[in-house]
Participant: 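Sharing a structure with you now.
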Amino acid sequence: MIAATLFSAALVGLASSQPPPGGNKGAKGKFKGPQEVKERPEPLKVDLKEPPAGLVKNPRFFEKSADVNVPAHYTLSGDTKWVWTGADGEDTESGIALYSGKDLNKDGQRSGAVSQQVRGFQGGVGKWFRFTFRGLAEPGFEVEKDALFMRAEFFGKSGTNPLDGVTQNIYPLVERDRKQLAANGKFFKNGGAVWKTYALEFRLPFAEIDTIGIGVGFKSGCAKGDTGSEFFVTEFALVPIPAPEDAPKVVKTEKGPAPNLKSLLPLGGRWYYDPEPGLRERPATLVVTAKNADRLYYMDGRLSNPFAENMTAWLRAGHLDLKGNRVEADRFLPDNVVLEFKDGKELVVHARNIPNHPTAIFPGRGAGPNPIQECDRTYYLPLNPVRNPKAVAMDKTNSNRALPMGPIGFAVNGVAFFNPFDMEGTEAIDILDRCCGHPAPNNQYHYHKYPVCVKSPFVDDGEGHSPLIGFALDGFPLYGPYVAKGLMAKDDKDKPLDDFNMRYDDDRGWHYHVTPGKYPYLIGGFAGTPDPRNGRRGPPKMP
């Protein structure tokens, strides 16, 4: 069976029923009063009522079944439980806990799974699908023989006739992150204990398949204690995808599904668009939202969709809205990120800056005094950035002000990147939540270091060059930590990063890399020239 693991986005709809008891909501804290805001113009509005729907029912595990201990449309087995996922003090999702340290059903072993049977898809031999979920391995979660897995099982006759299946072990990814990303965590520890999106791509082998069973499970649990021994699972999604270019061979991580380049409209720089019927030429302004983001491609040696499924978010209860009012119930933001490509020269990014992943509860114990607030930021990027020969990189304390306070770039989910320091000039990398972010005094959530929870367009499994995760305000792209199999950019002695955390290759041109556990963590300065409309973002005036 043909399969590969990839990271990808999986934004899903909010069910009307309530989740099981135990969810955490933020303390009241301090916040600014109501503020006047301007509505976005009509061409930039998005009329989605909920995220683009996949094939999975109850994807956020909110809806209850007749059995109050099991979410609707799912089957639980073994040492599993329907819970509010994550740790106390985190604003997360309803989901499933897989317990590697508890024998909940008293059968003498630690194992279990969560699964759902999916119907209503267009089947046929050779059809391709991507199954994704968001998961977090607590530091104490442990299994033998790599027995943490994703599975897709195939059935005919409405789910009664088993035909085939494919299983992919994902525990090696957990172990890799624990080892190689440890320094990206709080006080340089446990950087791998973060929310990540895992995915399995597969091809239907038989025409008779009318039901796909998707699931996540584990065997041979061997945690040394029952505290912090969970693997949390939430946000199931199953979507059809184009056949990979190299089908029917095994899908290579670096060769994900993509259309033929000749069929795409060039938008400028490395950007391309798969045109709707009737669109034959690039318009003067092309607006990309969550409704057509799957048509937008970035070329850096392969075509990928960095913004697809990254453009919507949920404004959670306890957050503040754009006017500064406290949100009483989770509200969907269909326009969290909206893009405008103009005249083949400029990319204009409109971002409400709400993360599309779990966060700590702000304010909360030790989490700072500021709640997360919806923003409406606009960034202007050149589509063909060039290096500035007069650019200045930060010194070890940024005393030369090479990077300003506030946004220096943004991730593909619209959340801002900040330089490594807080307002007192102290490195802020150890006061972040488990997705590497926190809100500023103006309530803007942001990242100071590698945001592992950001949903990259394909898996970053350390087997090759990392995917794109965002952009600096000078227009140059920012990539994850790897440059080759098992080699992080920060450790490459043959082709080291420069002072800006930048390097060059033929596929990507000049580009930045994050450096987990090593200053400057994101970028070392603006190697290019940011647009003045972004604020004071150019090189400082030197004495």
Side-chain angles (χ1 to χ4, degrees), residues 5-15 19-20 22-23 54-65 69-87 90-102 104-105 110-118 130-143 146-153 167-174 177 192-200 212-219 221 223 228-238 356-358 434-435 452-453 455 459:
T5 50
L6 298 172
F7 290 124
S8 71
L11 288 175
V12 291
L14 176 63
L55 296 165
V56 171
K57 295 181 179 179
N58 191 18
R60 294 179 74 199
F61 294 83
F62 268 56
E63 185 181 347
K64 296 178 181 179
S65 66
N69 295 312
V70 179
H73 309 292
Y74 290 93
T75 299
L76 303 185
S77 64
D79 303 314
T80 62
K81 191 175 181 181
W82 188 22
V83 299
W84 280 94
T85 59
E90 291 183 322
D91 214 343
T92 57
E93 296 281 356
S94 174
I96 306 301
L98 311 181
Y99 291 98
S100 67
K102 296 180 180 181
L104 296 182
N105 62 351
R110 304 176 201 170
S111 63
V114 52
S115 61
Q116 179 177 143
Q117 287 199 339
V118 179
R130 179 186 294 122
F131 163 41
T132 67
F133 77 96
R134 190 187 287 278
L136 183 149
E138 292 287 11
F141 179 82
E142 190 173 354
V143 297
D146 293 338
L148 173 68
F149 54 85
M150 302 177 67
R151 177 180 293 160
E153 297 179 290
T167 299
Q168 178 67 52
N169 288 342
I170 58 175
Y171 194 64
L173 294 178
V174 173
D177 288 344
V194 293
W195 290 97
K196 303 189 74 168
T197 300
Y198 298 89
L200 174 67
I212 301 174
I214 54 174
V216 180
F218 78 106
K219 297 179 181 179
S229 65
E230 304 94 336
F231 184 86
F232 292 113
V233 176
T234 189
E235 294 191 25
F236 265 33
L238 180 68
N356 61 343
H357 55 65
R434 292 204 289 186
C435 281
V452 185
C453 297
K455 298 175 182 178
V459 67

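Predicted model only: the values in this text are computed from it and were never measured. Below, all heavy atoms of this structure are taken into account, side chains as well, without hydrogens, waters or symmetry copies.
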Participant: Which heavy atom in N169 sits nearest to a heavy atom in D146, and how many Å separate them?
Facilitator: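 Taking N169 first and D146 second, the nearest heavy atoms are CG-O, 3.4 Å.
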Participant: Between the side chains of S94 and W82, does any donor sit under 3.5 Å from an acceptor?
Facilitator: yes
Participant: Please enumerate all residues that pass side chain to side chain donor-acceptor pair (under 3.5 Å) together with E93, with sequence neighbours excluded.
Facilitator: R60, R316
Participant: Measure the shortest side-chain to side-chain distance between T234 and R134 over non-hydrogen atoms and say whether it is less than 4.5 angstrom.
Facilitator: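 Yes, at least one pair of side-chain atoms sits under 4.5 Å.
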Participant: Check the pair V114 / T80 against side-chain contact (heavy atoms from CB on, under 4.5 Å), numbers first and verdict last.
Facilitator: CA-CA 8 Å; V114 52; T80 62; 5.7 Å; no
Participant: With sequence neighbours excluded, tell me which residues meet side-chain contact (heavy atoms from CB on, under 4.5 Å) with E153.
Facilitator: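 Partners of E153 by the side-chain contact (heavy atoms from CB on, under 4.5 Å) criterion, ordered by chain and then number, come out as R151, F155.
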Participant: Write down the atom of N58, the atom of P71, and the distance for their closest heavy-atom approach.
Facilitator: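 N58 and P71 have their closest heavy atoms at ND2-CB, 3.8 Å.
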Participant: Below 4.0 angstrom, N of the basic side chain to O of the carboxylate: do R434 and E138 qualify?
Facilitator: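 Answer for the salt bridge query: yes.
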Participant: If I take atom SG from residue C435 and atom CG from residue N356, how far apart are they, to the nearest 0.5 angstrom?
Facilitator: 9.5 Å
Participant: Rounded at 0.5 Å granularity, tell me how far OG1 in T167 sits from CE in M150.
Facilitator: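 Going from the OG1 atom of T167 to the CE atom of M150 covers 10.5 Å.
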Participant: In chain order, what residues pass the side-chain contact (heavy atoms from CB on, under 4.5 Å) check against S115, with sequence neighbours excluded?
Facilitator: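 If we apply the side-chain contact (heavy atoms from CB on, under 4.5 Å) test to S115, skipping adjacent residues, the hits are T75.
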Participant: What's the shortest heavy-atom distance between R130 and A199, and which atoms?
Facilitator: CG-CB, 4.1 Å
Participant: Just to verify, what does Y74 make a ring-ring contact (aromatic ring centres under 6.0 Å, His included) with, not counting sequence neighbours?
Facilitator: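 Listed in chain order: F61, F236.
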Participant: My understanding is that only residues two or more places apart in sequence, or in another chain, count here; which of them pass side-chain contact (heavy atoms from CB on, under 4.5 Å) with A147?
Facilitator: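 K219.
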Participant: Using every non-hydrogen atom in the two residues, find where V194 and C453 come nearest and quote the distance to one decimal.
Facilitator: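 Reported closest heavy-atom pair: CB-SG, 3.9 Å.
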Participant: With rounding to the nearest 0.5 Å, note down the distance linking CD in E235 to OG1 in T197.
Facilitator: 7.0 Å
Participant: Would you say the side-chain atoms of E90 pair up with the backbone N or O of P358, donor to acceptor, closer than 3.5 Å?
Facilitator: no
Participant: Are more than 12 heavy atoms, taken from residues, nucleotides or ligands other than K102, located less than 6.0 Å from that residue's NZ atom?
Facilitator: yes
Participant: With a 4.5 Å cut-off on side-chain heavy atoms, are F131 and V216 touching?
Facilitator: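 With C-beta onward as the side chain, the pair touches.
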Participant: Strictly distance-based, threshold 3.5 Å: is any side-chain N or O of S65 a donor or acceptor partner for the main-chain N or O of V70?
Facilitator: yes
Participant: Side chains of L136 and T92: closer than 4.5 Å at any heavy-atom pair?
Facilitator: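 Result no, sub-4.5 Å side-chain heavy-atom pair not found.
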Participant: Quick one: does D79's side chain have a donor or acceptor within less than 3.5 Å of a partner on L104's backbone?
Facilitator: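 The answer is yes, because a donor-acceptor pair under 3.5 Å joins these two groups.
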Participant: Please find the pair of heavy atoms, one from Y198 and one from G135, that lie closest to each other, and give the distance.
Facilitator: CE1-O, 4.0 Å
Participant: So which heavy atom on N69 is nearest to which on L76, and how close?
Facilitator: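 What the structure gives for the nearest pair is O-CD1, 4.1 Å.
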Participant: Using the ring of each side chain (for Trp, its six-membered ring), is F231 parallel, tilted or perpendicular to F133, with breaks at 30° and 60°?
Facilitator: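 Taking F133 first and then F231, their aromatic rings stand perpendicular (interplane angle over 60°).
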Participant: What distance do L148 atom CG and Y171 atom OH have between them, rounded to the nearest 0.5 Å?
Facilitator: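 It is 8.0 Å, given to the nearest 0.5 Å.
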Participant: Is the shortest heavy-atom distance from the side chain of V56 to the side chain of I214 under 4.5 Å?
Facilitator: yes
Participant: What's the spacing between K57 NZ and Q116 CD if we round to 0.5 Å?
Facilitator: 8.0 Å
Participant: Using atom types as modelled and distance alone, determine if a side-chain donor or acceptor of D177 lies under 3.5 Å from a backbone N or O of A193.
Facilitator: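 Not confirmed, D177 side chain does not pair with A193 backbone.
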Participant: Mind checking what makes side-chain contact (heavy atoms from CB on, under 4.5 Å) contact with S100, not counting sequence neighbours?
Facilitator: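 By the side-chain contact (heavy atoms from CB on, under 4.5 Å) rule, S100 matches F141, F218, A223, S229.
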